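Written out below as structure tokens is the structure these notes cover.
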Amino acid sequence: MIKLDNIDVIFNDNHNQTLHAVNEVSLSVNKGEIFGIVGYSGAGKSTLVRVINLLQKPNFGNVMVDGQNLLNLSPSQLRQARKKIGMIFQHFNLMNSRTVYGNVLYPLRDSSLSSHEKAQKIAQLLELVGLADKRDFYPAQLSGGQKQRVAIARALANDPHVLLCDEATSALDPKTTQSILKLLKELNQRLNLTIVLITHEMQVVKEICHRVAVMEHGKVVEQNDIVSIFSHPAQRLTQDFIRTASNIEQAYDAIFNHPQLAAQLKHQNLFELRFAGNNHFQPFISQLYAKYHVETTILYSHLEIIQHQPVGHLIVILHGSDPAMVDAESFLNQHNIAVSRLNALQNDNYYSI
Ligand SMILES: Nc1ncnc2c1ncn2[C@@H]1O[C@H](COP(=O)(O)OP(=O)(O)OP(=O)(O)O)[C@@H](O)[C@H]1O
């Protein structure tokens with residue numbers, strides 16, 4: 001559906017310094033997929049997502065959407081192609097002088113539909129986003145969540161195949177964020193709409209994305225399906241993001257901010273274990289003891305369901321001889337349980353190796 005090949009975007013700043021905002025990024029998004037791009041501020045997410053509709057032209061690379069290389073299109077062909085790529089933004093970008101109806105009508109100004117058909121279309125769209133009763137309101141009379149719903153209706157006016165969401169929930173409170181994510185999920189399922197969503201919040205990704213790419217300094221450092229990302233994150237940055245989206249962050253804070261506990265843990269074999277899928281309900285902790293005489297102290301454990309699959313997290317101390325510990329780690333790895341050894345209290349911080 002969307003295929004980005006070796007995309008580079010290079011900016012020149014005021015001092016003629018070059019900045020590689022997007023650096024050799026390749027990724028593909030399947031039809032009907034919700035694809036997340038996550039990264040901290042400045043990672044290059046917005047620039048990359050704007051490449052998908054050529055709001056930002058790349059310096060190098062190819063942009064395929066719906067089987068067309070957008071870089072080969074004439075200006076009028078590109079205008080047509082863009083109608084099939086809707087976009088919503090963090091600050092909604094509504095026209096304040098127009099009503100809800102007027103905002104959703106705007107992208108239909110060149111459409112061949114009759115006035116009556118346009119009115120019907122807008123009524124359907126407002127119904128779809130739950131704003132049928134707000135058609136004559138102005139943006140200033142709406143809440144943030146309602147404004148984003150108008151923006152979604154406007155983005156869907158030309159029946160796009162793709163919806164790009166640039167930090168679409170970042171200006172919203174947690175409850176409204178949930179309701180907008182629920183709406184996006186419904187639209188994805190009902191309309192088979194492909195969604196590319198950029199965010200700095202892993203929680204958002206966890207709620208609705210099927211796959212995710214993690215960006216840093218213009219590069220994609222890791223991409224995978226959401227369950228693998230949460231259960232077997234390969235990169236330190238991904239691990240950091242995951243911690244912010246789960247209770248494990250609080251667990252670490254509670255454990256390592258407790259002076260006596262933290263002091264004791266300094267000399268222990270401390271591990272984080274992660275697993276996913278339905279086949280992990282075997283008693284692997286008792287097996288560690290039965291097979292290798294490795295004993296386990298559980299400091300924290302948590303199970304959550306992500307995309308219908310259980311994903312588990314544990315922080316444990318393993319007690320045993322050095323060789324037994326090596327055997328225990330390889331036993332866990334063989335059973336597809338990701339093991340990170342933790343070094344506690346390095347510069348007052350924990351980190352995994
Ligand atoms: N038009 C531009 N001219 C020069 N530099 C730019 C331009 N647009 C973006 N940048 C720079 O490119 C880098 C990536 O910016 P981008 O907005 O894509 O990051 P981001 O991950 O979306 O961050 P944020 O979430 O803060 O928007 C930043 O260092 C930014 O300052």
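Count residues from 1 along the sequence. Any value given below was found using the heavy atoms of this structure, including those in side chains, with hydrogens, waters and symmetry copies removed. On a predicted model such as this, the values are computed, not experimentally measured, just so you know.
Ring geometry for Tyr40 versus Phe241: interplanar angle under 30°, hence parallel rather than tilted (30 to 60°). Between Tyr300 and His302, the ring planes lie parallel to each other; the angle is under 30°, not in the 30° to 60° tilted range.
Hydrophobic clustering, with ILVMFWY side chains joined whenever heavy atoms are under 4.5 angstrom apart, groups Val212 together with Val227.
Side-chain polar atoms of Asn59 and Asp8 form no donor-acceptor pair below 3.5 angstrom. For Ser170 and Glu167, the side-chain atoms include at least one donor-acceptor pair closer than 3.5 Å. Side chains of Ser46 and Asp166: a donor-acceptor N/O pair is present below 3.5 angstrom, by distance only. Between the side chains of Asp225 and Ser228, a donor-acceptor pair is found at a separation under 3.5 Å. A donor and an acceptor atom, one from each side chain of Glu272 and Ser340, are nowhere located under 3.5 Å apart. Residues Thr297 and His319 have side chains that bring a donor and an acceptor to within less than 3.5 angstrom of each other.
Residues Asn6 and Val25 have side chains not in contact (no heavy-atom distance under 4.5 Å, counting atoms from C-beta outward). Proximity of Asn336 to His232: side-chain heavy atoms (C-beta onward) are separated by under 4.5 Å at one or more points. No side-chain heavy atom of Pro160 sits under 4.5 Å from any side-chain heavy atom of Ile85. Contact annotation: the side chain of Val294 never approaches that of Phe331 to less than 4.5 Å [non-hydrogen atoms, C-beta and beyond]. Put simply, the side chain of Ile242 reaches to within 4.5 Å of the side chain of His313, judged on heavy atoms. Within the 4.5 Å cutoff, the side chain of Thr194 has no heavy atoms near those of the His161 side chain. Considering only heavy atoms from C-beta on, Val311 stays 4.5 Å or farther from Ile305 through its side chain. Contact check for Ile2 versus Met64: no side-chain heavy atoms found under the 4.5 Å cut-off.
Taking all atoms of both residues into account, the shortest heavy-atom contact from Lys84 to Asn158 is NZ-O, 2.9 Å. Among all heavy-atom pairs drawn from Cys165 and Ile195, the shortest one is SG-CG2, 3.8 Å. Nearest heavy atom pair, residue Ala132 against residue Glu127, reads CB-OE1, 3.7 Å. Heavy-atom minimum distance, Ala155 versus Leu163: CB-CD1, 3.7 Å.
Partners of Gln120 by side chain to side chain contact (heavy atoms under 4.5 Å, CB included), not counting sequence neighbours, listed by chain and number: His116.
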Walk me through it: do Leu183 and Leu128 pass the test side chain to side chain contact (heavy atoms under 4.5 Å, CB included)?
CA-CA 9 Å; Leu183 174 62; Leu128 192 64; 5.7 Å; no
Apply side chain to side chain contact (heavy atoms under 4.5 Å, CB included) to Val150 and Val129, showing your working.
CA-CA 8 Å; Val150 179; Val129 300; over 6 Å; no
Start with the C-alpha distance between His210 and Asn188, add both sets of side-chain angles, then the distance that settles side chain to side chain contact (heavy atoms under 4.5 Å, CB included), and finish with yes or no.
CA-CA 11 Å; His210 301 121; Asn188 163 255; 4.0 Å; yes
Let me see the working for Thr296 and Leu288 under side chain to side chain contact (heavy atoms under 4.5 Å, CB included), right down to the final yes or no.
CA-CA 8 Å; Thr296 307; Leu288 287 183; 4.0 Å; yes
Given Thr176 and Asp173, is the side-chain hydrogen bond (donor to acceptor under 3.5 Å, both in side chains) satisfied, shown in steps?
CA-CA 5 Å; Thr176 313; Asp173 63 55; 2.8 Å; yes
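Considering CG of Leu55 and NZ of Lys57, their distance stands at 13.5 Å, rounded to 0.5 Å. Annotation: the span from Phe275 atom CZ to His335 atom NE2 amounts to 13.0 Å, rounded to 0.5 Å. Taking CZ of Arg135 as the reference point, atom OH of Tyr101 lies at 5.5 Å (rounded to 0.5 Å).
Within a 6.0 Å sphere centred on CZ of Phe60, heavy atoms belonging to other residues, nucleotides or ligands number 12 at most. More than 12 non-hydrogen atoms from other residues, nucleotides or ligands lie less than 6.0 angstrom from NZ of Lys31.
Between the Gln148 side chain and the Ala168 main chain, a donor and an acceptor come within less than 3.5 Å of each other. In this structure, the side chain of His258 engages the main chain of Leu261 through a donor-acceptor pair within 3.5 Å. Using modelled atom types, one side-chain atom of Arg82 and one backbone atom of Asn53 make a donor-acceptor pair closer than 3.5 Å. When atom types are taken as modelled, the side chain of Asn62 and the backbone of Leu4 share no donor-acceptor pair closer than 3.5 angstrom.
Residues in residues 186-206 take part in these salt bridge (Lys or Arg N to Asp or Glu O under 4.0 Å) pairs, two or more places apart or across chains: Lys182-Glu186, Lys206-Glu304.
Both the sub-6.0 Å distance and the 45° axial angle are not jointly satisfied by Arg211 relative to the ring of Phe35.
Under a 4.0 Å N-O distance rule, the pair Lys3/Asp5 qualifies as a salt bridge. With respect to the salt-bridge test (charged N to carboxylate O, under 4.0 angstrom), the residues Arg243 and Asp253 do not qualify.
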